[in-house]
Protein chains: 2
Amino acid sequence: MAQLDTVSRILDTAEMLFAEKGFAETSLRTITSKAKVNLAAVNYHFGSKKALIQAVFARYLDPFSKRFNEEMDLLESRHQGQSIPLNAVLETLTTTVITMPSPTRNGLSVFMRLLGLAYTQAQGHMRRYLQEQYGSIFYRFTSMVRSASSDLPDVERFWRLHFMLGSAVFTMSSLDALKDIAEQDFNEQTRVRDVVQRLIPFVSAGMSAPIPELIPSEHQDDA
Amino acid sequence: MAQLDTVSRILDTAEMLFAEKGFAETSLRTITSKAKVNLAAVNYHFGSKKALIQAVFARYLDPFSKRFNEEMDLLESRHQGQSIPLNAVLETLTTTVITMPSPTRNGLSVFMRLLGLAYTQAQGHMRRYLQEQYGSIFYRFTSMVRSASSDLPDVERFWRLHFMLGSAVFTMSSLDALKDIAEQDFNEQTRVRDVVQRLIPFVSAGMSAPIPELIPSEHQDDA
DNA sequence: GCGTTTATCAAACGAATGTTTGAAACATAA
DNA sequence: TTATGTTTCAAACATTCGTTTGATAAACGC
């Protein structure tokens with residue numbers, strides 16, 4: 001293994017450890033010792049632990065959102081004016097994820113797990129950062145989903161969009177563990193793209209499920 | 001508000017704070033000061049912070065899994081021998097969740113967020129604890145899902161089961177935030193049971209989606 | 001060459017954490 | 001009341017954390 005520079009070694013190691021144990025549970029001392037760099041290196045190169053966490057995300061998400069934007073441009077130009085089917089929107093997202101060259105030395109699933117962590121693990125500053133940096137591209141995506149499912153009531157689509165997101169993020173974030181189980185139980189190797197190809201019809205069918213009638217409850221014990 | 005005993009005050013406050021900030025990010029000093037009990041009370045009554053975390057889960061999950069087991073007994077006895085439809089299995093789970101009297105002074109959504117946290121936020125000891133304590137009831141549930149979707153190939157069902165789980169866990173874990181957004185955007189208050197009633201048709205449709213043909217890729221760049 | 005910037009390093013700092021201690025307060029029963 | 005067991009409390013303990021410091025080394029421009 002060729003010796004990378006200090007910054008890259010820190011980023012790779014931090015990414016891996018954050019994905020394994022979470023942000024608060026991973027100390028700078030663990031990171032720097034595993035990365036074989038001096039403890040002070042993190043504060044020297046990144047400024048603080050918070051900034052390191054953000055840098056880990058930025059290294060992946062910056063090129064990703066750039067590519068995803070381009071792919072959405074392409075998709076829209078291919079459908080000049082015509083409405084874009086939901087499946088096409090979803091596949092644009094997933095192929096971007098799958099085909100993007102990873103700036104990381106860790107696998108795709110490591111970063112996926114990280115994204116899942118970022119989503120749940122409140123970490124106030126993290127949510128704010130992701131919102132500020134990548135809110136607009138997320139908005140563009142949801143807008144396309146909206147046009148692709150214009151038959152759905154707004155409220156219904158709102159929730160289904162998050163059901164969809166949940167399936168994706170959750171599965172991706174525990175992908176390594178799940179792949180191991182699947183390979184052990186069914187004796188066949190599973191690739192990331194296989195999981196994604198299974199995910200699309202699932203969420204796609206979910207999005208066009210019949211709309212439920214909400215049954216009001218007689219007693220009102222929760223808001 | 002009637003003054004509860006020390007143990008309950010600690011449990012309620014811990015549950016709330018854990019759900020808000022995560023486990024590692026919530027210190028015993030924050031918990032005890034908000035609960036208006038002495039710092040040493042946690043170690044006196046629970047032994048350690050880890051034990052407190054487990055106690056928070058046990059207080060909810062013990063009665064829950066007891067009830068859920070009973071409901072599954074009932075469901076099976078009602079379908080003596082006949083196969084149970086998937087929707088019935090899912091609805092048994094959700095009605096158990098919704099109708100269960102909460103041992104908590106916090107709302108259902110607080111605990112849901114906590115469950116989501118527990119699932120993603122690895123916390124080695126937590127995963128082990130949940131697996132040991134509640135693994136068998138989870139296995140019983142998945143077995144019922146299997147019989148209720150016997151037309152699906154095993155591999156396909158395996159992944160779809162986790163897609164389903166993902167939708168549920170993720171939505172529930174960010175339920176409060178999502179409810180706020182929904183209420184602000186659509187000007188109507190959403191109850192936990194409404195979200196669940198929306199979730200069922202979504203995952204149900206996903207489970208019976210057409211089975212995709214996996215397209216092999218020409219170049220093999222990921223495992 | 002020299003001067004200046006950039007990077008690495010061991011050591012220490014101050015703050016925050018989970019836990020323990022031993023005394024005080026309280027409750028219960030003989 | 002006295003004796004005994006339980007609970008509360010302020011204080012301290014031992015670690016661990018992120019961060020800073022000042023010295024040393026390496027790299028670069030001229």
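Here is the naming used below: chain letters follow the sequence lines, and residue numbers restart at 1 for every chain.
- Straight-line distance from the CG atom of Asn38(B) to the C1' atom of dA23(C): 13 Å, rounded to whole Å.
- Leu52(A) has its side chain within reach of Leu28(A): a pair of non-hydrogen atoms, C-beta onward, lies under 4.5 Å apart.
- One interatomic measurement links the two molecules: CZ of Arg9(B) to P of dT8(D), which rounds to 8 Å at whole-angstrom precision.
- Residue Ser48(B) places no side-chain N or O under 4.0 Å from the OP1 or OP2 atom of dG18(C).
- Spacing between atom NZ of Lys49(A) and atom P of dT20(D) amounts to 15 Å, rounded to whole angstrom units.
- The interatomic distance linking His45(A) (NE2) with dT20(D) (P) rounds to 15 Å, in whole Å.
- Here dC9(C) presents its P atom at 16 Å from CG of Leu28(A), a figure rounded to the nearest Å.
- Distances shorter than 4.0 Å separate some side-chain N or O of Thr6(B) from OP1 or OP2 on dT8(D).
- dA10(D) atom P lies 13 Å from atom NZ of Lys36(B), rounded to whole Å.
- In this structure, the CZ atom of Phe46(A) is 17 Å from the P atom of dT6(C), given to the nearest Å.
- Under 4.0 Å is where a charged nitrogen must lie from a carboxylate oxygen, and between Asp12(A) and Arg9(A) no such pair does.
- A close approach under 4.0 Å does occur between a side-chain nitrogen or oxygen of Ser27(B) and OP1 or OP2 of dT17(C).
- Using a 4.0 Å heavy-atom cutoff across all strands shown, Thr32(A) reaches no nucleic acid atom at all.
- Closest to the side chain of Tyr44(B), from the set dT19(D), dT17(C), dT8(D), is dT8(D).
- One atom, CG of Asn43(B), and another, P of dC9(D), lie 15 Å apart when rounded to the nearest Å.
- Contact check on Lys66(B) versus Glu70(B) returns a salt bridge, with a Lys/Arg side-chain nitrogen under 4.0 Å from an Asp/Glu carboxylate oxygen.
- When the shell of 6.0 Å around CG of Asp73(B) is examined, it contains more than 12 heavy atoms from other residues, nucleotides or ligands.
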